[in-house]
Amino acid sequence: MPELPEVEVVRRGLERGVVGRVIDGVEVYHPRAVRRHAAGPDDFAAALLGRTVTTASRRGKYLWLGLSPQGAEAAGLEAVGAAAAGAGAAGAGESLLGHLGMSGQLLVVPPDSPDQVHLRVRFRFGDGGRELRFVDQRTFGGLAVVSGADLPASIAHIAPDPLAADFDVEHFVDALRRRRTGLKRALLDQTLISGVGNIYADEALWAARLHYARPTETVSRAEAHRLLEAARTVMTAALAAGGTSFDRLYVSTEGVSGLFERSLEVYGREGEQCSRCAAPIRREAFMNRSSYTCPVCQPRPRRARW
DNA sequence: AGTTCAACCTGAAAGC
DNA sequence: TGCTTTCAGGTTGAAC
């Protein structure tokens with residue numbers, strides 16, 4: 001699934017492709033895609049009609065589109081201005097919140113382009129231009145209209161991500177060392193640090209020369225800083241490359257794959273040589289998925305914790 | 001209260 | 001060839 005860099009690529013595409021436009025048609029083809037919208041698919045569609053998309057935001061792997069106030073659909077630009085003026089009030093406004101899950105895509109495509117096999121929701125716009133389509137093979141992702149524009153209340157539990165301006169490094173270091181779990185489990189816990197998934201967790205741990213089973217309480221402050229810096233470096237580089245695409249399940253809003261796969265050091269490289277020490281990269285089962293490490297650069301701790 | 005794990009899905013690839 | 005098993009970028013809710 002898309003992790004922070006991939007979701008940020010999509011957010012930028014939405015900013016270019018749908019901000020400032022008026023939604024004038026919503027079709028939900030699979031109710032599971034809007035299961036987080038408690039009032040159901042019909043209410044989901046009705047709540048969006050006539051509203052202007054004002055902003056495209058992201059925290060970790062969640063993204064959301066700010067919506068003009070209901071009933072302010074008359075003129076697109078006017079609505080944008082009204083929403084911007086009201087954005088100062090805490091908790092005000094509504095948003096279209098989305099998560100891509102393991103296989104979700106948000107595509108901005110011409111209305112006459114053929115429907116994708118796993119098309120779940122279609123959004124048409126008043127200008128008759130490109131549509132927004134939510135496509136999701138496995139339906140782990142989803143969309144909902146929620147309250148809150150700055151940070152929707154429903155994702156208040158998600159921690160800031162390491163590329164966010166408000167990420168508090170010292171708070172993260174303290175919170176990490178207070179945990180009683182394995183280091184990779186902590187990295188994947190979106191309430192501690194968000195945006196990191198299985199790929200970038202393994203890449204950051206390799207770059208910081210730390211093993212995933214290190215008990216968090218034994219991680220020094222310096223090691224925690226090193227790990228965070230590694231995560232920032234690898235995700236920034238991945239973003240510059242357009243993200244990581246193993247297959248066609250992750251693509252940008254334009255349908256373009258990312259190129260970072262070729263820069264991965266350990267993830268998906270079982271048996272290949274570590275670029276630092278030439279030892280063969282090892283793959284192990286971990287939390288019903290896989291972890292990739294260099295057995296030499298990242299020795300297993302004597303006291304390991306999964 | 002903090003931590004862990006099964007469950008939610010579809011499809012491609014590997015195994016037999 | 002075809003059937004079965006395994007695996008895939010994630011999150012939640014409930015159990016411990």
Side-chain angles (χ1 to χ4, degrees), chain A residues 1-10 29-38 58-63 97-106 116-120 134-144 146 152 154-159 161 174-205 212-213 215-217 231 234-235 238-239 241-252 257-261 263-264 266-271 283-292 305-306:
Chain A
M1 140 353 147
E3 304 180 31
L4 187 155
E6 293 77 32
V7 178
E8 175 60 15
V9 170
V10 172
Y29 301 104
H30 197 315
R32 194 175 141 76
V34 296
R35 65 193 179 284
R36 296 273 162 199
H37 188 90
R58 181 190 57 76
R59 170 174 278 210
K61 305 169 197 169
Y62 278 92
L63 41 78
L97 177 68
H99 196 291
L100 302 178
M102 292 285 267
S103 55
Q105 305 175 347
L106 283 165
Q116 289 72 14
V117 175
H118 302 293
L119 175 63
R120 308 305 190 194
F134 180 62
V135 176
D136 189 6
Q137 178 200 105
R138 295 175 69 182
T139 67
F140 285 0
L143 306 173
V146 300
S154 51
I155 58 165
H157 63 292
I158 300 295
D161 64 65
D174 291 338
L176 174 73
R177 299 174 74 239
R178 276 198 301 270
R179 293 291 173 103
R180 292 293 178 269
T181 187
L183 188 51
K184 183 170 170 182
R185 279 183 183 279
L187 263 188
L188 295 178
D189 183 343
Q190 306 294 302
T191 67
L192 176 66
I193 179 173
S194 71
V196 182
N198 206 34
I199 295 177
Y200 299 111
D202 280 4
E203 294 296 310
L205 287 163
Y212 64 83
T216 45
E217 68 269 31
V234 69
M235 291 200 293
L239 175 56
T244 302
S245 304
F246 292 112
D247 48 37
R248 296 292 298 178
L249 290 186
Y250 160 68
V251 291
S252 70
S257 292
L259 302 177
F260 197 67
E261 183 185 2
S263 302
L264 295 175
V266 286
Y267 191 90
R269 300 210 175 285
E270 181 181 21
R283 171 183 173 223
E284 293 166 294
F286 173 85
M287 290 172 76
N288 287 325
R289 29 175 54 165
S290 296
S291 272
Y292 298 87
R305 182 180 266 165
W306 277 250

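- Residue Arg58(A) forms a salt bridge (Lys or Arg N to Asp or Glu O under 4.0 Å) with just one option from Glu6(A), Glu3(A), Glu8(A), and that option is Glu8(A).
- The aromatic rings of Phe260(A) and Tyr200(A) are tilted relative to each other, their planes meeting at an angle between 30° and 60°.
- A 4.5 Å side-chain heavy-atom check between Arg179(A) and Asp189(A) finds at least one atom pair inside the cut-off.
- Once the 5.5 Å centre distance and the 30° plane angle are applied, the aromatic ring of Phe246(A) is found not to be stacked with the base of dA8(C).
- Within 4.0 Å of Arg283(A), counting heavy atoms only, lie sugar-phosphate atoms of the nucleic acid but no base atom.
- Within 4.0 Å (heavy atoms only), Phe260(A) reaches no atom of the nucleic acid at all.
- Of all nucleotides in DNA chain B having an atom under 4.0 Å from a heavy atom of chain A, the first and last in 5' to 3' order are dT3(B) to dG11(B).
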Bracket string, DNA chain C, 5' to 3' - pairs by Watson-Crick or G-U geometry under 3.5 Å, | interstrand: .|||||||.|||||||
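- As judged by a 4.0 angstrom heavy-atom cut-off over every strand, Arg35(A) is placed among residues making no nucleic acid contact.
- Base engagement by Arg289(A) is indicated by at least one non-hydrogen atom pair under 4.0 Å involving a base atom.
- At the heavy-atom level, His157(A) lies under 4.0 Å from the strands shown only through sugar-phosphate atoms.
- Within 4.0 Å (heavy atoms only), Ser245(A) reaches at least one base atom of the nucleic acid.
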